[in-house]
Amino acid sequence: QVHLVESGGGLVPPGGSLTLSCAASGSIFRVIGMAWYRQAPGKQRELVASINAGGSINYADSVKGRFTISREIAMNKVSIEMNSLKPEDTAVYYCNAHLYRDYRSHGEYWGQGTQVTVSS
């Protein structure tokens, strides 16, 4: 009964900016961490950025200095601000959450994915 809903994908020219948002809802006791992944055609899915319950953040080297991940803890939301976008950023972006559904049960959940296309 946990659902992750993403928004913000679309078409943007090189050098442009885009912000993706994700909200987790349903049976949530405690969120351990949330993250953004992406998968381009012909490539493996890769971690873009993650943030845990303590606020520790990690970025892929390819996006450092350009992307910023943030979390609204009370609302179980995570967003990623993407600046200076490049054609190689084109991919389907997925929201991921690792959370407890109750005091003893936890699992990993994925959003449906949202397309980001960087092209002139």
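As a basis for the values below, the full set of heavy atoms in this structure was taken, side chains included, without hydrogen atoms, waters or symmetry mates.
The two residues Arg71 and Val31 make their nearest non-hydrogen contact at NH2-CB, 3.1 Å. Here the closest non-hydrogen pair linking Gly107 and Arg101 is N-NH1, 3.9 Å. Looking at every heavy atom in both residues, Asn83 comes nearest to Ser17 through OD1-OG, 2.9 Å. Ser50 approaches Ala35 most closely through the heavy-atom pair CB-CB, 3.7 Å. Of all non-hydrogen atoms in Ala24 and Leu4, the two that sit nearest each other are CB-CD1, 4.0 Å.
For residues 99-118, the set of pairs meeting the ring-ring contact (aromatic ring centres under 6.0 Å, His included) definition, not counting sequence neighbours, comprises Tyr37-Trp110, His98-His106, Tyr100-His106. Under the ring-ring contact (aromatic ring centres under 6.0 Å, His included) criterion, no residue pair touches residues 11-33, with sequence neighbours excluded.
The side-chain heavy atoms of Leu11 and Ser119, taken from C-beta on, include a pair separated by under 4.5 Å. With contacts defined as side-chain heavy-atom distances shorter than 4.5 Å, the pair Asp89/Arg66 qualifies. Counting heavy atoms from C-beta on, the side chains of Asn96 and Glu108 come closer than 4.5 Å. Taking 4.5 Å as the limit, some side-chain heavy atom of Cys95 sits within range of a side-chain heavy atom of Met34. In this structure, the side chains of Arg38 and Leu20 stay at 4.5 Å or more apart for every pair of heavy atoms. The shortest side-chain heavy-atom distance between Val48 and Met82 does not fall under the 4.5 Å cut-off. Side-chain contact check for Glu6 versus Tyr93: every heavy-atom pair is 4.5 Å or farther apart.
Rounded to the nearest 0.5 Å, atoms CD (Gln39) and CD (Gln44) are 7.0 Å apart. Of the inter-residue distances, the one linking Ile80 atom CD1 with Thr19 atom OG1 reads 9.0 Å to the nearest 0.5 angstrom.
The main-chain N or O of Val118 is found under 3.5 Å from a side-chain atom of Thr90 such that the two form a donor-acceptor pair. In this structure a side-chain-to-backbone donor-acceptor pair under 3.5 Å is present from Tyr59 to Ile69.
Both Ile51 and Trp36 are part of a single hydrophobic cluster, where members link through side-chain heavy atoms under 4.5 Å apart. Hydrophobic cluster membership differs between Ile32 and Ile28, with clusters built from Ile, Leu, Val, Met, Phe, Trp and Tyr side chains linked at under 4.5 angstrom. Note on Val92: it does not cluster hydrophobically with Leu18, by side-chain heavy-atom contacts below 4.5 Å among ILVMFWY residues.
Counted by atom type alone, Ser70 and Ser79 present one or more donor-acceptor pairs between their side chains at under 3.5 Å.
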